[in-house]
Engineer: 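I have a structure here, written as structure tokens, and I will follow up with some questions on it.
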Number of protein chains: 2
Amino acid sequence: MIKLNKTTEYGLMALRHMSRKYLLDPTGVTSAREIADSYGLPFEITAKTLQRLKETGIIQSAHGAKGGYTLQRALTEVSLGEFLQLMEGPQSIVACSGDVDHASLECGYAYRCEIKSWMNQLNLRFFHFLSSIQLAELQEGPIQLTEFKRESFIK
Amino acid sequence: MIKLNKTTEYGLMALRHMSRKYLLDPTGVTSAREIADSYGLPFEITAKTLQRLKETGIIQSAHGAKGGYTLQRALTEVSLGEFLQLMEGPQSIVACSGDVDHASLECGYAYRCEIKSWMNQLNLRFFHFLSSIQLAELQEGPIQLTEFKRESFIK
DNA sequence: TCATATACGATAAATTATATCGTATATGAC
DNA sequence: GTCATATACGATATAATTTATCGTATATGA
């Protein structure tokens, strides 16, 4: 029903990494390689994730030998709702939403829909819920103790 | 990011239909054919949807010539959270959740995960939100005025 | 000029969701 | 009993989406 896509998930991992690092050294720069190695993610996927994060404006990039990524916005100013929209685009719990008054082709088969206005209302309540969650919460948790041997998880 | 699957969506349409019909005539029975014709859904898909709904225990079925489906539980007693779990199984915003203390193979590549406990916490908060929504809200909305010519939507 | 980084489009692979088909079973009316 | 009407349900095909991979371009500092 409800699942973050992997890019979003890896994006959250990267943001936690960068924000905790920032607390220790605000001038630090983080490369895709560093994230990939820290968590055992494939480099290519990590690089894509960071490029996506950069497109959202939450982090910024610098090319070249001493390049890498740095935070551009404070995570206290970004809600989970905004983050999901930035990462995955404007979305809805149903395909047809967006226009409360009229059904559309995207409803699929149904040529008549009685639940649309409720769905739209739900959508708003859901987004309100997501907007109440600050991304800064990411920084709070303890460092996870679990660490596995890498070979177990590489195919 | 977050989208109901079609079966769940059609299920909500069917529940609204049945619950409003129940208000007018508590002894009434609803067939898959009636739902399909009322909203322009393909019969086979509607039938599957109603069978799924029946498996959840929210409606019950009767075979035979005067058969069909009737509500088994009051919609005031079913939350959206419970409904989604019944229709789509226990789910989580991330693949790896379920066990707060240990990462698992389902995390995918990552052999170390720093966001897992936050994800699990989010999951609980999200489910709490969904549980605060009564399925009975479905009955409330006005009858939708939009109705399209059927031929526009049949491929 | 070389090593290191990001940029980014194209495409392949895998997964999941959706739709379709066929056949079985139950029931009421006649 | 048989016929029309309904649900039951597994198997499978199709479509859609997500995820992963590849190749190449561009930028920068030593």
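Quick note on labels: first sequence line is chain A, next is B, and so on, each numbered from 1.
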Engineer: For nucleotides 5-14 of chain D, just jot down a letter per nucleotide in 5' to 3' order: B, S or -, based on protein non-hydrogen atoms under 4.0 Å.
Structural biologist: BSBBBBB---
Engineer: Expressed as a whole number of angstroms, how long is the span from Asn5(B):CG to dA15(D):C1'?
Structural biologist: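 In whole Å, dA15(D) C1' and Asn5(B) CG are 15 Å from each other.
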Engineer: For residues 66-78 of chain B, please give each side-chain donor-acceptor pair under 3.5 Å, one per line with the distance, not counting sequence neighbours.
Structural biologist:
{"residue": "Arg73(B)", "atom": "NH1", "partner": "Glu82(B)", "partner atom": "OE2", "Å": "2.9"}
{"residue": "Arg73(B)", "atom": "NH2", "partner": "Glu77(B)", "partner atom": "O", "Å": "3.4"}
{"residue": "Arg73(B)", "atom": "NH2", "partner": "Glu82(B)", "partner atom": "OE1", "Å": "3.2"}
{"residue": "Arg73(B)", "atom": "NH2", "partner": "Glu82(B)", "partner atom": "OE2", "Å": "3.4"}

Engineer: Okay, side chain of Asn123(A), backbone of Met119(A): is any donor-acceptor separation there less than 3.5 Å?
Structural biologist: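 Not at all, since once roles are kept as given, no pair shorter than 3.5 Å links the two residues.
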Engineer: Just how far, in rounded Å, is C1' of dT24(D) from CD of Glu44(A)?
Structural biologist: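 Whole-Å distance recorded here is 14 Å.
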Engineer: Taking the side chain as everything from C-beta on, heavy atoms only, tell me whether Glu88(A) gets closer than 4.5 Å to Asn5(A).
Structural biologist: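 Glu88(A) vs Asn5(A): side chains touch.
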Engineer: With distance as the sole test, does Lys6(B) use its side chain to make a donor-acceptor pair with the main-chain N or O of Ile45(B) at under 3.5 Å?
Structural biologist: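 The answer is no, because no donor-acceptor pair under 3.5 Å joins these two groups.
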Engineer: Of all residues at least two apart in sequence or in a different chain, which pass the side chain to side chain contact (heavy atoms under 4.5 Å, CB included) check with Arg33(A)?
Structural biologist: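 Checked Arg33(A) against side chain to side chain contact (heavy atoms under 4.5 Å, CB included); matches are Ser31(A), Asp37(A), Phe43(A).
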Engineer: Quick one: the dot-bracket string of DNA chain D, using Watson-Crick and G-U wobble pairs with both distances under 3.5 Å, [ ] for crossing pairs and | for bases paired to another strand.
Structural biologist: ||||||||||||||||||||||||||||||
Engineer: Quick check against the 3.5 Å criterion: does Arg52(A) have a side-chain atom that pairs as donor or acceptor with the backbone of Met87(A)?
Structural biologist: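 Looks like yes, one N/O pair under 3.5 Å.
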Engineer: Rounded to whole Å, please give me the gap between NZ in Lys3(A) and P in dT18(D).
Structural biologist: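 Going from Lys3(A) (NZ) to dT18(D) (P), I get 13 Å.
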Engineer: Quickly work out the Gln60(A) CD to dA27(D) C1' distance and round it to whole Å.
Structural biologist: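 Computing the Gln60(A):CD to dA27(D):C1' distance gives 16 Å.
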Engineer: Going by the ring pair (Phe, Tyr, Trp, His ring centres under 6.0 Å) test, which pairs reach into residues 14-37 of chain A, not counting sequence neighbours?
Structural biologist: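 Of all non-adjacent pairs touching residues 14-37 of chain A, those that pass ring pair (Phe, Tyr, Trp, His ring centres under 6.0 Å) are His17(A)-Tyr39(A).
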Engineer: In chain order, what residues pass the side chain to side chain contact (heavy atoms under 4.5 Å, CB included) check against Leu124(B), with sequence neighbours excluded?
Structural biologist: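 In terms of side chain to side chain contact (heavy atoms under 4.5 Å, CB included), with neighbours along the sequence ignored, Leu124(B) is linked to no residue.
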Engineer: Rounding to a whole Å, what distance do you find between Arg52(B):CZ and dA19(C):C1'?
Structural biologist: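 Taking atom C1' of dA19(C) as the reference, CZ of Arg52(B) is at 17 Å.
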